[in-house]
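One-based numbering along the sequence shown.
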Amino acid sequence: MAPETSPRILVFAGSARRASLNKHLARAAANSVRQQGADATFIDLRDYPAPLYDGDLEAESGIPEKIRELKQLFSRHDGLLVVSPEYNGFITPLLKNTLDWISRPDGDASGLALFQGKQATVMSASPGGFGGMRSLQLIRQLLANLGVTVLPEQVSVPRANKAFNDDGDIVDEDLGKRIDKACGALVKHLQRLNR
């Protein structure tokens, strides 16, 4: 267990599917973060449903309650570890929609302030040969637009259906090392900032 003053990192994947390869990767990354002395909170975006962002809906009903819960989680964490599947070469609608809602103001509270000063690492897994590389560039751009500093270390996992067993555990030793390297860079960066 990490000390109380350790960096806090929020970990999530942009996939709702229960057996998602990207959820496997996100959980493995959360474990790596913990082993390296930081506090990792893994969340499943399936537990935070929200309608497709619509300005009229926002004006009529305000911010969805589940998004308010996510905003609170964002406010309590120093860093983000975002794992993005690739849909037709882009990030998923779930991930984009979730970040769009979180970035909206809520009363006098700015949604963008929740992203300012955050540090992030990005990862992607795919059963294909590209390993989600195209989505990684797009999630970097989106997070940077929101004010997040995205570290250069990243993880791309091609043929990810062979990298994990049925329980979601890593069976590729090299992948474990790459995850540890990227997570270690984020933890060390946040530790330096928190001194």
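- Side-chain atoms of Ser110 never come within 3.5 Å of backbone atoms of Pro105 as a donor-acceptor pair (strictly under, hydrogens ignored).
- In the hydrophobic cluster analysis, where Ile, Leu, Val, Met, Phe, Trp and Tyr join through side-chain heavy atoms closer than 4.5 angstrom, Leu21 is grouped apart from Phe130.
- The cluster map of Ile, Leu, Val, Met, Phe, Trp and Tyr, joined by side-chain heavy atoms under 4.5 Å apart, puts Leu94 and Ile67 in the same cluster.
- Look at Asp100 and Arg104 and you find no salt bridge, because none of the NZ, NE, NH1 or NH2 atoms lies under 4.0 Å from a carboxylate O.
- Proximity of Cys183 to Gln36: side-chain heavy atoms (C-beta onward) are separated by under 4.5 Å at one or more points.
- At least one donor-acceptor pair under 3.5 Å links the side chain of Arg140 to the backbone N or O of Leu151.
- Under the 4.5 Å side-chain criterion, counting only non-hydrogen atoms from C-beta, Val157 is not in contact with Ser126.
- Taken from CZ in Arg134 to OG in Ser124, the straight-line distance is 10.0 Å, to the nearest 0.5 Å.
- Between Asp78 and Asn194 the shortest side-chain heavy-atom distance falls below 4.5 Å.
- Side-chain N or O atoms of Glu153 include none that pairs as donor or acceptor with a backbone N or O of Leu186 at under 3.5 Å.
- Judged by distance alone, with hydrogens and angles left aside, the side-chain atoms of Ser32 form no donor-acceptor pair with the main-chain N or O of Ala28 at under 3.5 Å.
- A heavy-atom distance below 4.5 Å is found between the side chains of Pro51 and Pro64.
- The number of heavy-atom neighbours closer than 6.0 Å to NZ of Lys71, taken from other residues, nucleotides and ligands shown, is above 12.
- For Tyr53, the OH atom is densely surrounded, since the number of other residues' heavy atoms within 6.0 Å is greater than 12.
- Using a 4.5 Å cut-off between side-chain heavy atoms of Ile, Leu, Val, Met, Phe, Trp and Tyr, with links allowed through other members, Ile170 and Leu81 fall into the same hydrophobic cluster.
- Using a distance-only test at 3.5 Å, with no hydrogens or angles considered, a donor-acceptor pair links the side chain of Ser156 to the main chain of Gly131.
- Remark: Trp101 CH2 to Arg68 CZ distance equals 10.0 Å, nearest 0.5 Å.
- Of the possible polar contacts, one joining the Asp172 side chain to the Asp174 backbone as a donor-acceptor pair under 3.5 Å is found.
- Judged by distance alone, with hydrogens and angles left aside, the side-chain atoms of Asp106 form no donor-acceptor pair with the main-chain N or O of Ile63 at under 3.5 Å.
- When each of Asp47, Thr98, Leu45 is paired with Phe12, the side-chain contact (heavy atoms from CB on, under 4.5 Å) condition holds for Leu45 and for no other.
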(request) Run the numbers on Glu69 and Tyr48 for side-chain hydrogen bond (donor to acceptor under 3.5 Å, both in side chains), then give the verdict. (result) CA-CA 8 Å; Glu69 290 178 23; Tyr48 300 90; 4.8 Å; no

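- More than 12 heavy atoms of other shown residues, nucleotides or ligands fall within 6.0 angstrom of atom CG in Asn165.
- The environment of Arg76 atom CZ is dense: over 12 non-hydrogen atoms of other residues, nucleotides or ligands sit within 6.0 angstrom.
- Taking the six-membered ring where the residue is Trp, the centroids of Phe74 and Phe115 are separated by under 6.0 Å.
- For the atom pair CG of Leu95 and OG1 of Thr92, the computed distance is 4.5 Å after rounding to the nearest 0.5 Å.
- Note on Phe42: it clusters hydrophobically with Ile179, by side-chain heavy-atom contacts below 4.5 Å among ILVMFWY residues.
- Atom NZ of Lys23 is separated from atom CZ of Arg18 by 8.0 Å, given to the nearest 0.5 angstrom.
- Here the side chain of Gln116 pairs a donor or acceptor atom with the backbone of Leu146 at under 3.5 angstrom.
- Residues Leu138 and Val82 share a hydrophobic cluster, clusters being chains of Ile/Leu/Val/Met/Phe/Trp/Tyr side chains in contact below 4.5 Å.
- Remark: side-chain polar atoms of Ser15 are not paired, donor with acceptor, to backbone N or O of Asn22 under 3.5 angstrom.
- At a threshold of 4.5 Å between non-hydrogen side-chain atoms, the residues Leu99 and Ile139 count as touching.
- Environment of CD in Glu173: sparse, with no more than 12 heavy atoms of neighbouring residues, nucleotides or ligands closer than 6.0 Å.
- Note on Asp39 versus Arg34: no salt bridge recorded, every NZ/NE/NH1/NH2 to OD/OE distance being 4.0 Å or above.
- Under the 3.5 Å distance criterion, the side-chain polar atoms of Lys118 are matched with a main-chain donor or acceptor of Leu114.
- To the nearest 0.5 angstrom, Leu25 atom CG is 6.5 Å from Leu175 atom CG.
- Residues Thr41 and Arg8 form no side-chain contact, since every pair of their non-hydrogen atoms from C-beta on lies 4.5 Å or further apart.
- Taken from NZ in Lys96 to CG in Leu52, the straight-line distance is 9.5 Å, to the nearest 0.5 Å.
- Side-chain contact between Met123 and Thr121 is present, with at least one heavy-atom pair separated by less than 4.5 Å.
- Applying the ring-ring contact (aromatic ring centres under 6.0 Å, His included) rule to pairs touching residues 156-195 yields His24-Phe164, sequence neighbours excluded.
- Counting heavy atoms from C-beta outward, Val83 and Val122 have side chains that stay 4.5 Å or more apart.
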